[in-house]
There are 2 protein chains.
Amino acid sequence: MLTERRKKILDFLQNYFNENLRYPTIREICSHFGIKSTNGVYEHLKALERDGYISLDRKKSRAIKLNKDKNIFKRIPLLGIVSAGEPIFPVIEEGDYLEDINNLLKGTFILKVRGNSMINAGIHDGDLVSVDVDRDVKNNDIVVALLDGEVTLKRIKFDKEGIILFPENPDYSPIYVKSGFFRVLGKAKMLIRKLD
Amino acid sequence: MLTERRKKILDFLQNYFNENLRYPTIREICSHFGIKSTNGVYEHLKALERDGYISLDRKKSRAIKLNKDKNIFKRIPLLGIVSAGEPIFPVIEEGDYLEDINNLLKGTFILKVRGNSMINAGIHDGDLVSVDVDRDVKNNDIVVALLDGEVTLKRIKFDKEGIILFPENPDYSPIYVKSGFFRVLGKAKMLIRKLD
DNA sequence: AATTATACTGAACAAATGTTCAGTTAGCAA
DNA sequence: TTGCTAACTGAACATTTGTTCAGTATAATT
């Protein structure tokens with residue numbers, strides 16, 4: 001069970017990593033909490049591993065890994081909300097954090113979008129789209145598809161006649177997938193654009 | 001000087017970190033390169049530190065830190081280019097990587113956009129915008145501004161009459177900054193949107 | 001009342017790890 | 001040639017670090 005003490009240890013592990021880009025040694029955890037015996041911390045770590053919160057590489061130093069499924073990585077504070085009509089004061093609220101971006105991008109690749117076929121979905125020429133390859137594709141998802149050796153970013157729709165790839169731009173025509181080699185490479189997951 | 005050998009060591013450090021979320025020990029670097037003496041690697045590390053490519057925390061294990069100014073972090077491969085009109089084959093080209101996203105976001109905060117005042121700049125309601133606070137603001141930059149205790153995301157323009165905050169939506173009016181408390185909180189740096 | 005889990009102390013061991021020193025070889029520049 | 005640097009080898013040393021064992025105390029659970 002995740003006790004208060006162990007919650008604080010998890011918290012320390014996250015903060016330490018965010019500051020130092022590495023995890024602490026057992027003795028460093030000890031001194032942070034004022035625990036005099038390394039075994040005091042070591043048993044916490046083993047319990048946290050047993051319960052799936054972390055994983056440990058035995059015999060290796062600083063070899064802790066936070067389990068991303070069980071933990072929300074606190075990396076970037078989410079600062080208030082920018083509004084056009086109803087502005088809100090910028091306040092960092094505890095617990096408001098953006099999920100670990102590295103984690104969000106893991107197991108994916110990045111595609112650079114060229115063309116304006118998805119402009120109405122807010123995806124512009126030059127934007128970067130992270131694509132998750134291990135995802136089941138549902139109706140209306142934005143997907144990256146391979147069609148006869150060509151790659152396109154489109155919104156996918158399934159109906160009785162088959163698969164249709166819809167652009168989000170009236171100037172472009174939908175593609176009805178009939179023959180030839182077709183495969184969905186992955187599902188568009190995140191949009192990243194450099195603004196400056 | 002950054003020799004070929006040291007370039008490969010830097011590369012290994014980056015790759016090892018991306019895979020393991022920690023840096024290797026000196027002996028792990030040794031065995032990767034088939035170097036039999038720890039000093040062989042240790043002198044490389046000291047040279048890399050001397051030249052500003054990394055920094056070392058002496059006496060601590062796995063305490064390497066890559067200098068972000070001197071290194072491009074290779075984290076996510078940039079896979080080809082998605083095009084609407086002229087599709088391109090998906091090929092991972094060497095050297096094509098997205099810069100370290102953590103690094104891009106460092107020293108910034110994230111704002112959640114509400115409203116559609118910037119819709120023509122492709123910034124939609126609910127999008128996340130990373131804001132860099134330590135940046136000089138130029139004409140036409142998209143900035144987060146604090147005006148009489150209200151926060152807004154707008155394109156900033158300087159002219160003889162003063163500062164104007166422009167929305168990217170014809171339904172909204174520009175704001176002429178005349179009186180009251182005004183401050184630019186930061187410059188919009190990246191746009192992040194979850195697509196699924 | 002007995003058992004189990006948490007949360008430690010204290011001591012000790014073995015392995016991992018950073019660091020240093022003395023030397024070697026090869027190539028490059030003055 | 002001489003000197004310098006890169007790129008090591010090999011050995012040794014000193015910490016650091018993970019791990020284990022034997023206890024103690026407290027609170028909650030069966």
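Model, not experiment: these values are computed from the prediction. Sequence lines set the chain letters: A, B, ... in the order given, protein chains first and strands last, and positions in each chain run from 1.
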Starting from [atom2] on [N], measure out to [atom1] on [X] and report it in whole angstrom.
X	N	atom1	atom2	result
Glu4(A)	dT6(C)	CD	P	14 Å
Lys8(A)	dT6(C)	NZ	P	17 Å
Arg58(B)	dT20(C)	CZ	C1'	12 Å
Asp57(A)	dA15(C)	CG	P	18 Å
Lys60(A)	dT19(D)	NZ	C1'	16 Å
Glu49(A)	dG18(D)	CD	C1'	13 Å
Arg22(A)	dT16(D)	CZ	P	14 Å
Leu48(A)	dT6(C)	CG	P	10 Å

- Note on the structure: Of Ala63(A) and Arg50(B), the one whose closest nucleotide on DNA chain D sits nearer the 5' end is Arg50(B)

Has [X] got a side-chain N or O lying under 4.0 Å from the OP1 or OP2 atom of [N]?
X	N	answer
Ser61(B)	dG18(C)	no
Arg6(A)	dA5(C)	no
Arg62(A)	dT17(C)	no

Rounded to the nearest 0.5 Å, what separates atom [atom1] in [X] from atom [atom2] in [Y]?
X	Y	atom1	atom2	value
Phe166(A)	Tyr176(A)	CZ	OH	5.5 Å
Tyr172(B)	Ile119(B)	OH	CD1	9.0 Å
Arg62(B)	Glu28(B)	CZ	CD	4.5 Å

- Note on the structure: Comparing Arg5(A) with Ile26(B), nearest DNA chain C nucleotide closer to 5' gives the residue Arg5(A)

- Using a heavy-atom cut-off of under 4.0 Å over every strand shown, decide if Arg27(B) touches base, sugar-phosphate, or nothing. base

- Item | Pair Lys46(A) + Glu49(A): basic N to acidic O under 4.0 Å | no

- Query: Would a hydrophobic clustering, with Ile, Leu, Val, Met, Phe, Trp and Tyr connected at side-chain separations under 4.5 Å, put Ile26(B) with Ile54(B)?
  - Reply: yes

- Item | Ile29(B) with Leu66(B), same ILVMFWY side-chain cluster at under 4.5 Å | yes

- Check DNA chain D against residues 28-46 of chain B and give the residues with a non-hydrogen atom under 4.0 Å, in numerical order. Ile35(B), Lys36(B), Ser37(B), Asn39(B), Gly40(B), Glu43(B), His44(B)

- Query: Given dA6(D), dT17(D), dT19(C), which nucleotide is nearest the side-chain atoms of Thr25(A)?
  - Reply: dT17(D)

- Contacts of Arg193(A) meeting side-chain hydrogen bond (donor to acceptor under 3.5 Å, both in side chains) (sequence neighbours excluded), chain-then-number -> Asp127(A)

